[in-house]
Amino acid sequence: LLGHPEGIAFAAQHLGATQESERRMATELLEGVPLKTSRALLRPRLQDASSHVAATSARVLANAGDKDALRWLVQAVD
């Protein structure tokens, strides 16, 4: 995916899915996408009803350099 516009659009569409597995897959597709692009898509997922989707979103954001998402992960484990 790595920032390709069609891939970003695909992931964005599936982030709003009703199925948890679909939302989680969409967050994983954004792994490696620059923070400038992924932040707007994944930040709202930190409040997802699914703790798996929220944690995956936080991990992807933290790996992209989002310090707030890293704090979220630490607090979630604490």
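The line from CG of Leu46 to CG of Asp68 is 9.5 Å long, rounded to the nearest 0.5 Å.
The closest side-chain heavy-atom distance from Leu15 to Leu30 is below 4.5 Å. The closest side-chain heavy-atom distance from Met25 to Leu29 is below 4.5 Å. Counting heavy atoms from C-beta on, the side chains of Ser50 and Arg24 never come closer than 4.5 Å.
Across all their heavy atoms, Ala40 and Pro44 have their closest contact at O-CD, 3.4 Å.
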Table please: side-chain donor-acceptor pairs of residues 56-63 below 3.5 Å, with sequence neighbours left out.
from: Thr56; atom 1: OG1; to: His52; atom 2: O; distance (Å): 2.8
from: Ser57; atom 1: OG; to: Val53; atom 2: O; distance (Å): 2.9
from: Arg59; atom 1: NH1; to: Glu31; atom 2: OE1; distance (Å): 2.6
from: Asn63; atom 1: ND2; to: Glu31; atom 2: OE2; distance (Å): 3.3
from: Asn63; atom 1: ND2; to: Arg59; atom 2: O; distance (Å): 3.4

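When the side chains of ILVMFWY residues are joined at heavy-atom separations under 4.5 Å, either directly or via intervening members, Leu70 and Val33 end up in two distinct hydrophobic clusters.
Under the side-chain hydrogen bond (donor to acceptor under 3.5 Å, both in side chains) criterion, Glu22 pairs with His14, sequence neighbours left out.
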